[in-house]
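First the structure, in the form of C-alpha cells, and then the observations on it.
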Amino acid sequence: MPWGGGFLHLEYAAPTTSEEPCSEGRLSARFSTDGVEWTEFSDFEVPSVHTKPTLLSQLGLDDLDCWVNTYKSAMRISSDGERFVIASQWPTYLDTWDGRRASDAAWLDRLLENPPSVSVSITRDLVNWETIEVPIPRPEGLHTSLHAAPSLGGLSLAEQGWLLELETVTYMNLFSLMPADIRESASRIQPKYDGPWVDESTGESGMTVEWWADGTQRDAHTRFVPWRELGTTRELYEDYGEILNKPYHPPSRYSESMLVAPWGESPERFDLPYVHTCCTVWTESGFVGLLDRSVAGHLPSLFGPATVVFSPDGETWDALESIGGERTWVKGIAAVNSGVIAFSTHPDEFLSLGGDQDRIVYWLSDPDGSSWRQVKPAETTDPIEWLMANDKTPIDWPRLAVNGNVVLRIRDYTIERYVAPG
C-alpha cells in the first residue's frame, strides 16, 4: 500500500512454536521508496484491541477457534499514503452454527453476552494511534426470539474520510427457546417436519420437536411445543429459523449498512436499502455501490448483471443503470480520480479461462455512478498505465498501490512494478 514517500508491504510471518496454535503469525512490514530496494521485514505493532484473542479462545473452545478464526481476516487494513487505518470487530463468529446442537447453542449464548463493537484505529506515523470504539447495538424493535449478528465488510478510504461496510444476518437460536428440560437433556434437536404443527385437542399451533440425548439418531424423543411456550411464531421461525438443505442462511436474512466518518469526526451509521451490496466507494459526489446479484449456492464470487446504486448523503439511494448489459459479470468497483471504475468479464469467457485476470474488461463512470463507458486501451498498453495517462489514478484498490507514477501490484504472490506515463 502507499505510505509516505514510498510503499509499505505487510505480511504475516509464519507462526513460531511459542505462539497460539490458531494464530496466523506475526504481522510484519517493510518499506521502500521506489518499489525496488526494500528494508528488512520487522514486527509491525498495532493497537492491542486489534489482536485481542477471540472470545471462543477465552471460553476454552480452542477447537472451534482454530476452525473459524484467522487473525488475518479479523482485521481490515487500508492506507491512502497519509493515513493508515485498521478496523476490527469483537466478538466475531456470532452466526457460525446451524441452530440444532446443544454445544453450539451454549457457546453462542456466551458470545451474545458481549455486545459487538467495531474498533477503528488511525495513524499518520505508525506510532501514535487514535482509536474509535463504535458499538453495534441490537436493532430496535427486533423480536426477542431473534438475534442480529454483524460482520465486517470492506474498508475504504477517501479524501473526505473513511467508510466501513457491515453485513448483518438476523436469525433464531431455536435451541435456546426450548423448554428447560429439553435444553438440559438434548445434545441435538430438530423440528419433526411431518408435524403435527397443531394440537388437535386444543387447536393451538406450535412445533413438534425431536431431540436426542446421546448425539446419535437412535431413540428420538418427541414433544409438541406451542409457539407461545417457545416465545416466537411460525412465521418468524420460517423466516429466520428454518434451514433446510443449505449450510448457510438465505439472502433474505441479511441486511447491509455502512459506517461513515469524515477525518477527525465520529462515524455515522447508514442502513442500506439493498441486500448484498458487494462494495461501496466514496466519491466527491456521494456514495456509489454495486449490488451483488449472485444467487446463493451458484457461483457466489461472480456478480451480475450489475446494478449500480447512488446516494448523495447515505440516506436516500437510487438504482442506476446496469453495467454492460445482461451478459456481463461485474466483479467489483473501485475509486479513481473523479470517477468510479468497474471490473467485468463475460461469463462464458470467465469459465473457459478459469478467471484469468488479464481478460478483465474495465468500465469508467462519472463520480455519481452514471455514464458508464468501456475502457479500451491499446492491446500493448496495460490498463492501469492507460488510466494513469488519462488522469485516472487508482484509489484504494486491493493488492495495488500507486505513489506518483510508480505502481506496485501483488499478483500470484509476487510484486510487479512498473512506471506509468506522466
Side-chain angles (χ1 to χ4, degrees), residues 1-13 15 19 23-53 71-90 117-135 152-165 258-268 281-284 334-337 388 393-410 415 417 419:
M1 57 187 63
W3 183 248
F7 300 92
L8 194 66
H9 179 205
L10 301 179
E11 74 169 16
Y12 282 83
E19 291 175 319
S23 172
E24 287 286 338
R26 293 169 289 106
L27 184 61
S28 300
R30 62 178 182 170
F31 178 78
S32 173
T33 57
D34 56 8
V36 177
E37 299 293 331
W38 292 87
T39 63
E40 295 294 326
F41 276 108
S42 60
D43 288 349
F44 187 74
E45 299 295 334
V46 301
S48 58
V49 67
H50 301 291
T51 58
K52 181 164 46 173
Y71 282 27
K72 181 165 54 178
S73 64
M75 293 193 295
R76 302 292 185 267
I77 299 176
S78 189
S79 169
D80 64 0
E82 297 181 17
R83 306 170 189 86
F84 186 97
V85 181
I86 301 176
S88 64
Q89 176 189 324
W90 193 90
S117 64
V118 171
S119 300
V120 179
S121 297
I122 304 170
T123 182
R124 288 178 175 269
D125 57 10
L126 304 182
V127 176
N128 300 293
W129 297 82
E130 174 198 6
T131 297
I132 304 168
E133 297 291 339
V134 186
L152 293 187
L155 170 66
S156 299
L157 307 188
E159 183 177 345
Q160 305 94 314
W162 56 267
L163 181 156
L164 183 63
E165 294 172 301
M258 62 182 184
L259 296 172
V260 178
W263 297 114
E265 298 183 19
S266 299
E268 186 174 359
V281 297
W282 194 355
T283 73
E284 57 262 49
V336 295
N337 285 359
M388 296 185 67
T393 302
I395 299 172
D396 199 34
W397 289 22
R399 307 179 69 83
L400 184 146
V402 178
N403 205 323
N405 65 337
V406 177
V407 180
L408 301 185
R409 175 167 48 187
I410 295 179
I415 297 178
R417 177 189 184 274
V419 179

Output for pair (M388 CE, T393 OG1), nearest 0.5 Å, gives 4.5 Å
Is any side-chain heavy atom of F84 closer than 4.5 Å to one of W129?
yes
Taking side chain as C-beta onward, heavy atoms only, is V118 less than 4.5 Å from L152?
yes
In Å, rounded to the nearest 0.5 Å, how long is the span from CZ of R83 to CG of L157?
8.5 Å
What pair of heavy atoms forms the shortest contact from V85 to L155, and how long is it?
O-CD2, 3.8 Å
Are W397 and V402 packed together at the side-chain level, in the sense that at least one heavy-atom pair is separated by less than 4.5 angstrom?
no
Is the shortest heavy-atom distance from the side chain of V46 to the side chain of S121 under 4.5 Å?
no
Determine whether a donor-acceptor pair (N or O, by modelled atom type, separation under 3.5 Å) exists between the side chain of N403 and the backbone of G6.
yes
Spacing of CG belonging to D80 relative to CD belonging to E159, to within rounding of 0.5 Å:
9.5 Å
Here the pair of heavy atoms bringing S78 nearest to M1 is C-SD, 4.3 Å
Scanning both residues in full, the closest heavy-atom pair of P267 with I132 reads CD-CG2, 4.0 Å
Nearest-0.5 Å distance, CZ of residue F41 to CG of residue L27:
10.0 Å
For the residue pair I395 and N337, establish whether any side-chain heavy-atom pair is separated by less than 4.5 Å.
yes
Determine the minimum heavy-atom distance between S117 and P135, stating which atoms define it.
CB-CA, 3.9 Å
Any pair counted as salt bridge (charged side-chain N to carboxylate O under 4.0 Å, His left out), so long as it reaches residues 399-410, sequence neighbours left out:
D382-R409, R409-E416
Please examine the side chains of R417 and L408, heavy atoms only from C-beta on, and report whether any two atoms are closer than 4.5 Å.
yes
Stepwise side-chain contact (heavy atoms from CB on, under 4.5 Å) check, W38 with F7
CA-CA 9 Å; W38 292 87; F7 300 92; 4.0 Å; yes
Nearest 0.5 Å please: distance from the CZ atom of R124 over to the CD atom of E130.
10.0 Å
Is the closest side-chain donor-acceptor distance between D34 and S32 under 3.5 Å?
yes
Please examine the side chains of L8 and L126, heavy atoms only from C-beta on, and report whether any two atoms are closer than 4.5 Å.
yes
Are H50 and S119 side-chain neighbours, meaning at least one heavy-atom pair lies under 4.5 Å?
yes
According to ring pair (Phe, Tyr, Trp, His ring centres under 6.0 Å), who are the partners of W3, at least two apart in sequence or on a separate chain?
none
Donor-acceptor contact present, side-chain W263 to main-chain A158, <3.5 Å
yes
Check this for me: E133, atom CD, are more than 12 non-hydrogen atoms of other residues, nucleotides or ligands nearer than 6.0 Å?
yes
Minimum-distance pair of heavy atoms, taken over all atoms of S156 and D396
CA-OD2, 3.1 Å
I need the E82 CD to I122 CD1 distance, nearest 0.5 Å.
13.0 Å
Counting only N and O atoms by type, is there a donor-acceptor contact under 3.5 Å from the side chain of Q160 to the main-chain atoms of T283?
yes
Using a 6.0 Å cut-off, check whether atom CD of E11 has over 12 heavy atoms from anything other than its own residue.
yes
Determine the minimum heavy-atom distance between S79 and P2, stating which atoms define it.
OG-O, 2.7 Å
